Amino acid sequence: MIINLEYLVFFVLLLTALLLAIKEMSIALDEVDVERFTLWTGVASVIAGLPIILW
């Protein structure tokens, strides 16, 4: 039971971090800041790939 709860907390944190990264990407696009958009795209890609890498 505790292990399942830990997985749930981990995935909720990943989802939250991914949503925040996507929000930052949106802000960077609104400001036409390509460098910042590229940075946040990389961050979002790493976050999205973590469950596959860690599984």
Side-chain angles (χ1 to χ4, degrees):
M1 177 70 179
I2 293 175
I3 293 174
N4 290 337
L5 185 61
E6 289 174 0
Y7 280 124
L8 176 66
V9 169
F10 176 71
F11 285 117
V12 167
L13 285 173
L14 278 181
L15 180 61
T16 304
L18 183 61
L19 291 174
L20 289 173
I22 291 172
K23 181 180 177 184
E24 289 294 327
M25 288 168 56
S26 174
I27 292 169
L29 276 178
D30 289 342
E31 296 175 358
V32 192
D33 189 355
V34 176
E35 294 172 355
R36 199 166 122 206
F37 176 76
T38 305
L39 171 74
W40 283 108
T41 301
V43 170
S45 299
V46 169
I47 293 170
L50 278 177
I52 295 169
I53 294 169
L54 298 176
W55 194 265

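Below, each value reflects all heavy atoms present in this structure, side chains not excepted, and no hydrogens, waters or symmetry copies. Please read these numbers as outputs of a predicted model, since none were measured by experiment.
- Within 6.0 Å of the CD atom in Glu35, the count of heavy atoms belonging to other residues, nucleotides or ligands does not exceed 12.
- Nearest approach of Ile47 to Leu14, heavy atoms of both residues: CG2-O, 3.6 Å.
- Cluster membership check: Phe11 does not share its hydrophobic cluster with Val46, using side-chain heavy-atom separations under 4.5 Å among Ile, Leu, Val, Met, Phe, Trp and Tyr.
- The neighbour count for Tyr7 OH, taken as heavy atoms of other residues, nucleotides or ligands under 6.0 Å away, does not exceed 12.
- Leu19 and Leu50 end up in different hydrophobic clusters when Ile, Leu, Val, Met, Phe, Trp and Tyr side chains are linked at under 4.5 Å.
- Closest heavy-atom contact between Ala44 and Leu18: O-CD1, 3.5 Å.
- Within 6.0 Å of CG on Leu8 lie more than 12 heavy atoms contributed by other residues, nucleotides or ligands.
- Taking CH2 of Trp40 as the start and CD1 of Ile27 as the end, the distance is 9.5 Å to the nearest 0.5 Å.
- Note that the CG atom of Asp33 and the CD atom of Glu24 stand 11.0 Å from one another [nearest 0.5 Å].
- The two residues Phe37 and Met25 come nearest to each other via the heavy atoms CD1-O, 3.6 Å.
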